[in-house]
Amino acid sequence: MGFFSFRNLCFFIFFCCSTSTLTGAYDPLDPNGNITIKWDIINWTPDGYVAVVTLYNFQKYRHIQAPGWQLGWTWAKKEVIWNMLGGQATEQGDCSKFKGNIPHCCKKDPTIVDLMPGTPYNQQAANCCRGGVLSSWVQDPPTAISSFQISVGQAGTTNKTVKVPKNFTLKAPGPGYTCGPGKIVKPSKFKSQDGRRSTQALMTWNVTCMYSQFLSQKTPTCCVSLSSFYNDTIISCPTCSCGCQNNASNPGSCVEPNNPYLASVVSPAQSNKNSILPPLVQCTSHMCPVRIHWHVKTNYKEYWRVKVTITNFNYRMNYSNWNLVVQHPNFDNLTESFSFSYQPLTPYSSINDTAMLWGIKFYNDFLMQAGPLGNVQSELLFQKDKSTFTFEKGWAFPRRIYFNGDNCVMPPPDTYPWLPNASPRPYISLLTTTLTLLSTLAFLYTHA
């Protein structure tokens with residue numbers, strides 16, 4: 001009996017651990033979102049093959065920003081990379097045993113990065129050379145794809161001798177990703193430009209990478225503040241939302257905006273544009289790199305209007321292709337977004353309470369670093385649904401806001417600006433009552 005109890009206990013612990021991992025990779029707003037890596041062998045060589053490796057970002061609102069993705073794996077045998085187009089290995093490794101023709105990379109566990117814009121044409125591949133930046137699938141599908149060509153040696157020259165690499169990793173600034181094993185799938189098919197001929201890969205395997213909150217940044221990166229036309233109170237971001245000011249113990253953790261030495265503090269950190277730098281933020285009570293302000297601006301007879309402002313407090317970061325995901329019960333009645341692009345996400349089928357907002361290309365899709373120009377804003381016009389609309393009890397404010405896929409810190413619900421009473425309470429002073437009574441008595445006396 002004890003043996004069965006112990007076995008059941010072990011099974012329960014294993015089940016809990018495995019469930020926790022799956023929960024961490026599950027996104028309720030984008031349940032099918034993932035980054036799929038497809039590895040297509042298109043040609044055999046004397047000692048290996050030539051393959052096209054493509055990354056597809058099927059996530060609706062999460063994108064990979066500069067300095068871009070880094071794809072890694074471990075070779076199953078003693079493979080080497082002879083050469084590449086559209087990408088490069090970050091390290092060559094030890095190639096001392098090769099004479100004459102030296103491989104591009106001899107590491108057992110190479111790390112591959114995208115090439116930068118402006119790469120010579122003879123070094124490019126299709127969908128390459130954007131510095132590793134991948135747009136989200138909703139914002140810009142053509143740039144949500146990145147690929148490179150790789151020539152692999154010492155790998156085998158048939159479907160039976162080639163082995164799928166192991167331990168795939170996908171590193172990106174911001175959210176972390178966890179990748180599954182490579183799985184051999186039906187070979188990909190390719191159409192010719194005229195669409196009249198179809199060819200197929202000699203061998204194909206897929207790798208699926210999921211966003212994981214356990215690998216994402218441990219501290220929040222954004223917060224939300226609120227205000228309204230019907231209440232003078234401005235609800236600021238909660239104190240220490242993303243950290244606390246600690247210049248006494250950690251000098252330089254934040255910068256005052258009127259500091260005369262601001263340029264000298266910020267400039268040296270930007271010398272290496274390819275590295276991921278810790279944020280250097282403007283000194284605030286919340287210490288967040290990004291703040292989103294939601295202001296209930298105007299109330300019309302049939303409509304109501306909101307102003308949304310995104311402010312960048314980070315002196316080291318420009319946010320390109322930024323996006324917001326906002327949860328609010330009235331998005332089903334959104335009439336117009338004046339200077340942001342909009343698309344409903346509808347993660348719950350018919351319920352439209354989640355909207356994705358992003359900048360208009362070449363207009364406000366680039367959120368500059370902290371300073372006078374470090375903000376973008378737009379207004380949203382909603383139609384009133386008489387069955388649900390109200391300004392009472394904070395209904396006009398969002399339930400949740402995400403910036404670039406990061407969950408922003410919201411103010412406590414009990415601090416939201418509430419609608420004041422429609423009219424003051426009837427109040428009759430004692431003096432007014434006394435004067436009225438005396439006037440009545442005097443009138444009665446004179447007419448007696």
Side-chain angles (χ1 to χ4, degrees), residues 23 25-34 57-63 135-141 144 175 210-211 213 222 224-229 290 292-310 321-361 364-365 376-411 413 416-417 419:
T23 303
Y26 176 75
D27 184 356
L29 298 181
D30 188 13
N32 298 316
N34 67 76
N57 184 11
F58 291 126
Q59 298 176 115
K60 289 183 177 179
Y61 63 90
R62 284 192 173 90
H63 68 279
S135 297
S136 62
W137 197 256
V138 168
Q139 280 181 264
D140 192 5
M210 303 288 291
Y211 165 79
Q213 64 182 10
C222 54
V224 178
S225 57
L226 310 169
S227 63
S228 66
F229 71 90
V290 174
I292 295 91
H293 186 75
W294 181 280
H295 175 65
V296 181
K297 184 178 180 180
T298 314
N299 183 27
Y300 306 106
K301 182 178 180 180
E302 299 291 336
Y303 300 90
W304 62 291
R305 185 187 293 254
V306 168
K307 183 177 182 180
V308 180
T309 305
I310 308 170
N321 297 321
W322 60 266
N323 66 63
L324 281 185
V325 173
V326 184
Q327 289 184 290
H328 190 282
N330 207 44
F331 269 116
D332 198 32
N333 297 305
L334 179 66
T335 302
E336 187 172 357
S337 174
F338 289 93
S339 59
F340 287 169
S341 300
Y342 158 78
Q343 180 163 320
L345 292 185
T346 58
Y348 311 110
S349 299
S350 60
I351 302 176
N352 180 14
D353 65 348
T354 306
M356 180 174 169
L357 305 169
W358 68 94
I360 298 172
K361 203 169 185 63
N364 58 357
D365 61 331
V376 291
Q377 53 190 317
S378 179
E379 294 189 3
L380 309 175
L381 185 66
F382 296 92
Q383 188 174 13
K384 291 181 179 178
D385 182 350
K386 296 181 180 180
S387 63
T388 59
F389 175 80
T390 178
F391 279 137
E392 294 182 353
K393 300 180 181 179
W395 181 90
F397 299 102
R399 296 194 298 265
R400 182 61 56 195
I401 291 182
Y402 300 79
F403 177 79
N404 280 356
D406 289 342
N407 196 347
C408 299
V409 178
M410 300 288 296
Y416 284 20
L419 187 69

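The model shown is predicted, which means the values in this text are computed figures rather than measured ones.
- Nearest heavy-atom pair across Val326 and Leu357 is CG2-CD1, 4.2 Å.
- Under the 4.5 Å side-chain criterion, counting only non-hydrogen atoms from C-beta, Trp294 is not in contact with Met410.
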**OP:** Start with the C-alpha distance between Asp353 and Phe331, add both sets of side-chain angles, then the distance that settles side-chain contact (heavy atoms from CB on, under 4.5 Å), and finish with yes or no.
**Re:** CA-CA 5 Å; Asp353 65 348; Phe331 269 116; 5.7 Å; no

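- Side chains of Val296 and Trp304 form a contact here, defined as non-hydrogen atoms less than 4.5 Å apart.
- No donor-acceptor distance shorter than 3.5 angstrom exists from the side chain of Asp385 to the backbone of Gln383, with no hydrogens or angles considered.
- Arg400 contributes a side-chain N or O that, together with a main-chain N or O of Cys408, makes up a donor-acceptor pair within less than 3.5 Å.
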**OP:** Determine, step by step, whether Trp395 and His328 satisfy the side-chain contact (heavy atoms from CB on, under 4.5 Å) criterion, reporting the C-alpha distance in whole Å, the side-chain angles of both residues, the deciding distance to 0.1 Å, and the verdict.
**Re:** CA-CA 9 Å; Trp395 181 90; His328 190 282; 4.1 Å; yes

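- A donor-acceptor pair shorter than 3.5 Å can be found between the side chains of Ser227 and His293.
- Using a 4.5 Å heavy-atom cutoff, the side chains of Asn364 and Ser339 are in contact.
- One distance of note links CD of Gln59 with OH of Tyr211; it measures 9.5 Å at 0.5 Å rounding.
- Under the 30°/60° scheme for interplanar angles, the aromatic rings of Phe340 and Trp322 are found to stand perpendicular.
- Between Arg399 and Pro329, some side-chain heavy-atom pair lies under the 4.5 Å cut-off.
- Considering CG of Asn330 and CG of Asn352, their distance stands at 10.0 Å, rounded to 0.5 Å.
- Note: Phe391 and Phe389 have perpendicular aromatic rings, judged against thresholds of 30 and 60 degrees for the angle between ring planes.
- Taking each heavy atom of Ser135 and Ala144 in turn, the nearest pair found is O-CB, 3.2 Å.
- Here CD of Gln327 is found 5.0 Å from CG of Leu29. Values are rounded to the nearest 0.5 Å.
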**OP:** Show the numbers, then the answer: is there a side-chain contact (heavy atoms from CB on, under 4.5 Å) between Met356 and Gln139?
**Re:** CA-CA 9 Å; Met356 180 174 169; Gln139 280 181 264; 3.3 Å; yes

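- In this structure the side chain of Phe397 never reaches within 4.5 angstrom of the side chain of Val224, judged on heavy atoms.
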**OP:** Test Asn321 against Trp358 for side-chain contact (heavy atoms from CB on, under 4.5 Å), laying out the working first.
**Re:** CA-CA 7 Å; Asn321 297 321; Trp358 68 94; over 6 Å; no

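- Considering every non-hydrogen atom in both Cys222 and Asp406, the closest pair reads SG-O, 3.7 Å.
- Across all their heavy atoms, Tyr342 and Ser337 have their closest contact at CB-CB, 4.3 Å.
- Scanning all heavy atoms of the two residues, the minimum distance from Leu380 to Phe338 falls at N-CD1, 4.4 Å.
- In terms of the salt bridge (charged side-chain N to carboxylate O under 4.0 Å, His left out) criterion, residue partners of Lys297 (sequence neighbours excluded) are, by chain and number, Glu379.
- Atoms CG and CD1, on Leu324 and Ile310 in that order, are 3.5 Å from each other to the nearest 0.5 Å.
- Contact of the Tyr300 side chain with the Lys384 side chain is not registered, since no non-hydrogen atoms from C-beta on lie closer than 4.5 Å.
- For the pair Phe229/Thr298, no side-chain contact is recorded, criterion being any heavy-atom separation below 4.5 Å from C-beta on.
- Shown here for Asp30 and Tyr61, the closest heavy-atom pair between the two residues is CB-CE2, 4.0 Å.
- Of the inter-residue distances, the one linking Leu381 atom CG with Leu334 atom CG reads 8.0 Å to the nearest 0.5 angstrom.
- For the atom pair CE (Met210) and CG (Asn32), the distance works out to 8.0 Å, reported to the nearest 0.5 Å.
- Between Asn323 and Lys60, the side chains place no donor N or O within less than 3.5 Å of an acceptor N or O (distance only, hydrogens not considered).
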